[in-house]
Amino acid sequence: MFNIAIIGAGNIATMHTTAYQKMKDVRIKTIVDVDVERAKIMAENVDCKATANIDEVLHDPEIEAVDICLPNFLHLETVMKAAEAGKHIICEKPAALTVEDAEKMFDICRKNNVVLYIAQVCRFMTAYQEIHHVLEEKDVGDPKLVRLSRSVHYPMLVGQEWYKDESKSGGLFLDFVIHDLDFIVWNFGKPEIISSQLISEEKLKGIIINLKVDGGPMITVNGVWTSIDQGGLHQRVEIDGTNGFVHYDNRNELPFVFKNTSGKSRMLSKETLCNDPFYRELRHFINCFRGTEQPLITDKEVIQTLETAIEAREIAREKGLNE
Ligand SMILES: NC(=O)c1ccc[n+]([C@@H]2O[C@H](COP(=O)([O-])OP(=O)(O)OC[C@H]3O[C@@H](n4cnc5c(N)ncnc54)[C@H](O)[C@@H]3O)[C@@H](O)[C@H]2O)c1
């Protein structure tokens, strides 16, 4: 049995606990939250221990790994504590709020012979994996235009005020479009930013980033946090190449469509695409801890993704808000 502890019993931890509960070889031993009532509620569902004291987990020799589901500004200090206690680590995205902090996290893990995996979940979404496959096979020819877009209701559950404070969350660039930037790094390598703009109104935050990669496509990334409930996350990827296209829109009746000029095509329904990316992500990380799989995402890619998000934010800031 692989014993794990969850640190932070908020929104995303619910997804993680549900995923671990489906794994017969993994046991959530302890759930930690400063708000011990939250930890208790979650622990009751899982049938495990709840505590507000992280040291109980760090000093527990049975616990092999911790899964950090904390607000972004707490990732660095928690990873450092866990690494020094000799625990392997899964940590939610974004790794950290600066590149230096992320590098420090990987360094301390290496020094303590533990592994750190950053949960950049779009790598485990079937639609994104299918698009990756289409690109790898060159099934659309040379990709020339890439449009990535995501929007969601502003995070506003109880206790989530930290998202609004950019010094704690990193804002839209680091917290939200990090997924699209990860997709770019994964498929095309580190991009160059052409322009980046931010709209920041009381009830609407939005960004548009234009990027390019050497010898690769022109790319646009668009991210929106809005005060209006849109009925869940809306995400889109549209890639047009010299010989075909692949388009994904999670709101469409037929979300995934690929067609090319050689007559090849593939369409995937909502049902086919809906297969719990958090389970697939965490299963992969556990298998990596056990040495039966190799990590799908490298430390370098995590750093490059964060670097791109920070550069885009800097460029938008230099330009000034709402221009
Ligand atoms: N992959 C995804 O799609 C995705 C989606 C949402 C959130 N996330 C990431 O997950 C992480 C958590 O986000 P969330 O939405 O669950 O936040 P949340 O605010 O809902 O939950 C955070 C929890 O941490 C607890 N906490 C705060 N400080 C603590 C401390 N010092 N020690 C112990 N517990 C503490 C809070 O009480 C709260 O229960 C963030 O890094 C976020 O970016 C990822």
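Heavy atoms only: backbone and side chains are in, while hydrogens, waters and symmetry mates are out. From a predicted model like this one, the values you see are computed outputs, not experimental measurements. All ligand and atom numbering here is 1-based and tracks the order in the structure.
Contact atoms of ligand 1 toward N72: 40 (C), 41 (O), 42 (C), 43 (O) (distance under 4.0 Å to a heavy atom of the residue). Within the listing of ligand 1, atoms 1 (N), 3 (O) sit less than 4.0 angstrom from a heavy atom of V121. Close contacts of ligand 1 with D33, meaning ligand atoms under 4.0 Å from a residue heavy atom, involve 23 (C), 24 (O), 25 (C), 26 (N), 33 (C), 34 (N), 36 (C), 37 (O), 38 (C), 39 (O). In the vicinity of R38, heavy-atom distances shorter than 4.0 Å reach the ligand 1 atoms 38 (C), 39 (O). Per-residue contacts place G159 under 4.0 angstrom from the following atoms of ligand 1 (heavy atoms of the residue considered): 19 (O). For ligand 1, the atoms lying closer than 4.0 Å to a non-hydrogen atom of H75 are 41 (O).
Nearest approach of L306 to A102, heavy atoms of both residues: CD2-CB, 3.7 Å. Across all their heavy atoms, E84 and N112 have their closest contact at CA-OD1, 3.9 Å.
Looking at atom 32 (N) of ligand 1, its nearest protein heavy atom turns out to be V34 CG1, 3.6 Å. Shortest contact from atom 17 (O) of ligand 1 to any protein heavy atom: W162 CZ2, 3.5 Å. Closest protein heavy atom to atom 21 (O) of ligand 1: G10 CA, 3.2 Å. For atom 12 (C) of ligand 1, the nearest non-hydrogen atom of the protein is C69 O, 3.4 Å. The protein heavy-atom contact nearest to atom 1 (N) of ligand 1 is E92 OE1, 3.4 Å. At the top of the distance list for atom 11 (C) of ligand 1, counting protein heavy atoms only, stands L70 O, 3.4 Å. For atom 18 (P) of ligand 1, the nearest protein heavy atom (residue, atom name, distance) is Q160 NE2, 3.7 Å.
Ranked by closest heavy atom to atom 15 (O) of ligand 1, the top entry among Y163, F73, F278 is Y163. Among V152, V36, I12, I54, the residue whose heavy atom sits closest to atom 2 (C) of ligand 1 is I12. Taking only non-hydrogen atoms, the option from C122, G8, A9, P71 nearest to atom 22 (C) of ligand 1 is P71.
Not a single heavy atom of M15 sits under 4.0 Å from any atom of ligand 1.
Between the side chains of H284 and E293, at least one donor N or O sits under 3.5 Å from an acceptor N or O. In this structure, a donor-acceptor pair under 3.5 Å is present between the side chains of N210 and S195. No hydrogens or angles considered: nothing links the side chains of H179 and Q235 as a donor-acceptor pair under 3.5 Å. T308 and T305 share no side-chain donor-acceptor pair at under 3.5 Å. Looking only at atom types and distance, the side chain of Y163 has no donor-acceptor partner in the side chain of N72 under 3.5 Å away.
Taking only nitrogen or oxygen atoms, main chain and side chain alike, L74 does not reach within less than 3.5 Å of ligand 1. Taking any N or O of P94, backbone or side chain, none lies under 3.5 Å from an N or O belonging to ligand 1.
Here R147 pairs with E238, D240 under the side-chain hydrogen bond (donor to acceptor under 3.5 Å, both in side chains) rule; sequence neighbours left out. Applying the side chain to side chain contact (heavy atoms under 4.5 Å, CB included) test to K205 and every residue at least two apart in sequence or in another chain returns Y154, L172, S200, W225.
A 4.5 Å side-chain heavy-atom check between I239 and Y248 finds every atom pair outside the cut-off. Contact annotation: the side chain of F278 never approaches that of T18 to less than 4.5 Å [non-hydrogen atoms, C-beta and beyond].
Hydrophobic clustering places L233 together with L148 (ILVMFWY residues linked when any side-chain heavy atoms are closer than 4.5 Å, directly or through intermediates).
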